[in-house]
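The structure appears right after this line, and notes come after that.
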Amino acid sequence: MRLECGMSESGDSFQLFAGVCDACRATASKLEKSHILATYLRDVPRESLGIAVRFLAAQAFPPSSNRTLGVGGALVVESVRTVLNIDRTTLNHAFRAAGEIGEGISELWSLPGTNSLTLPLIQAGFDRIEAVGAQDAKRAVVIDLLRACSNREAVYLLKIILGDMRIGVSEGMVETAIAEAFESPLTEVRAARLLVGDLDAVAALAFERRLGEARFRPFNPLGYMLAQPTMTAAGAIDVLAKREAIAEDKYDGIRAQLHVRAGRVELFSRGSGTVTGSFPDIVQPLAKSDAAFVLDGEIVPMRIAADGAQITLPFSSLQKRLGRKTLTPRMLREAPCVYVAFDCLFDGADLLIDKPLRVRRERLAAIAAQHRSIVLGPQVPITNADALDAAFVAARNRRNEGLVIKQLDSLYTPGRRGDAWLKLKSHLPTLDVVVIGAERGHGKRRDVLSDVTFAVRRDDSDELVTLGKAYSGLTDVEIAALTERFTKETLEERGRYRIVRPSVVLEIAFDQITRSERHNSGYALRFPRIVRIREDKKPSDIDTLARVEQIYKSPDNLAVALDDAPPPDDVNQLSLFS
DNA sequence: GTTGTCTGCCCC
DNA sequence: ATTCTGC
DNA sequence: GCAGAATGGGCAGACAAC
């Protein structure tokens, strides 16, 4: 391997880091990327190793630290404009051509750089960006850093700030490289990461050949076990192949790990940050507990009737709490949340992930019995397809998405999507829509019109009203063909957006329909995806707004709360403050 | 003071 | 979240 | 089978425009 990085590179120079990234970018081979990274990591000074692995994964801070830069595209663009003293149009053009901001500045960057930036210096800059609150101050720090950057340094500085490397290296590749660099089995590196969380901690252990000593401790979130989707009950039964299993509801909430020990309580969401502050109704009743445990479960907005019956509220009511600075008693009353626990990962001093589910459930039941904000969901044994169907209907009646089916003898395998957990969701009907607008994508899709805006017809008229945008579901070949067609059928260009002649009919699947101001139909789709191009249909054959409204109001659309709700005062005596 | 828009940041 | 693609 | 890349809607908060 050859790295063009100048002569007097010390192991922690940022120029060297940029060179390594470029070398990875230049090859598609994962093995080669690993070699390049491993060679680099072996020579990075010990005190900079943590920063190196973090930056390679485009992380400015350890993910579990809950620290963020608070710098995004706009602020970066303004900083670049100041440093290069160029107009917005030129910049935008470069970004569009490159498909991203980071690589886009490369062709404009003429500064030689001071050849003095090191990994710790960049990290110190990030610390400062976080510490100074105001946007102006953040921008000043970014500008300072940029002025010291050479061309490639600037590119990768921006990529780290924006949190996206796009060189075929992410956390998984970095783990592979750590394993290779320090001659440890990849499985051991992965296992250690699940236990200790952040990459820098894993790298430190690997460096010292102490991966085997990685131990789980509460308040370091474990990885999450994921469920494999299945389309039908019969299919799920087949997969189970007579192994003992239970089904529980699949909730539309926030997957979270609840860590409790010695009066400290944290709720970790899947992004590894904490959402503790948003859910005092869950956390406060636990604050006096002297127990130590870690549970897996879901934060769910829920009404619990006096008889214990559970009705889940729409996800939007939960979302209103996130990121809020102050929560009013009224908000807590109108969208009460509970923690529906479904697994116990740690209890007392015992890590339980290598115990079968039936054992973990016993420990969970004992813990839940003692804490009123920890709720257990209904759980039924699954022996045949009929039992599964019945459970599914019951789950839907509780306003939940469907079921998760779990083998009782399975272990908790974080980060893997295996057969041990299966998810079975119901599906709303699909819609046939027509494309009326298209845009170029980013990155490798920068030259194709991959991003389409689609519409349905307002009833009894020819008017088309937009319902959403979609991108996924089409193959590269299909996108290429559509790009050609949209180019020919462009009616008008409005900046990056082009209005196209309504001609392409798509079948769109989605999870929910919500009311929305974003699109002029007054509705939007949650998780829209393209099922197929309906070559057999003409624009006159598409669905109407009335059809959208009909699906919106159907009982299967979980975005809408049931309106026969009891008054808020009667709700969740269990989980309200006393 | 109110309304509208942009931005970052979460979640799904 | 989902989906496709290359290894 | 895994990892990576590309993309959706929607929220609160900050700030600009009125």
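Here is how names work: the chains are called A, B, and so on, in the same order as the sequence lines, proteins then strands, and each is numbered from 1.
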Starting at NZ of Lys469(A) and ending at P of dG10(D), how long is that distance when rounded to a whole Å? 13 Å
Distance test, side-chain N/O of Arg190(A) to OP1/OP2 of dA3(D), below 4.0 Å: yes
Under 4.0 angstrom, heavy atoms only, what part of the nucleic acid is Asp476(A) near: base, sugar-phosphate, or nothing? sugar-phosphate
Spacing between Ile299(A) atom CD1 and dC10(B) atom P, to the nearest angstrom: 14 Å
Pairing check on dG13(D): which nucleotide meets the Watson-Crick or G-U wobble criteria with it, both distances under 3.5 Å? dC6(B)
Is the phosphate of dC12(B), meaning OP1 or OP2, less than 4.0 Å from a side-chain N or O of Arg526(A)? no
Between C1' on dG8(B) and CZ on Arg324(A), what's the gap in Å once rounded to a whole number? 17 Å
Rounded interatomic separation in angstrom, taking CZ from Arg440(A) and P from dA6(D): 15 Å
Is the NE2 atom of His427(A) crowded by more than 12 outside heavy atoms at less than 6.0 Å? yes
Euclidean distance, atom NE2 of residue His442(A) to atom C1' of dG4(D) [Å, nearest integer]: 18 Å
Residue of the set Val142(A), Ile105(A), Ile122(A), Val76(A) for which side-chain contact (heavy atoms from CB on, under 4.5 Å) holds with Leu157(A): Ile122(A)
Does Arg515(A) make a cation-pi contact with Tyr523(A), if we ask for NZ or CZ under 6.0 Å from the ring centre and within 45° of the axis? yes
Could you tell me if Gln512(A) and Asp252(A) have a donor-acceptor pair between their side chains, going purely by distance under 3.5 Å? yes
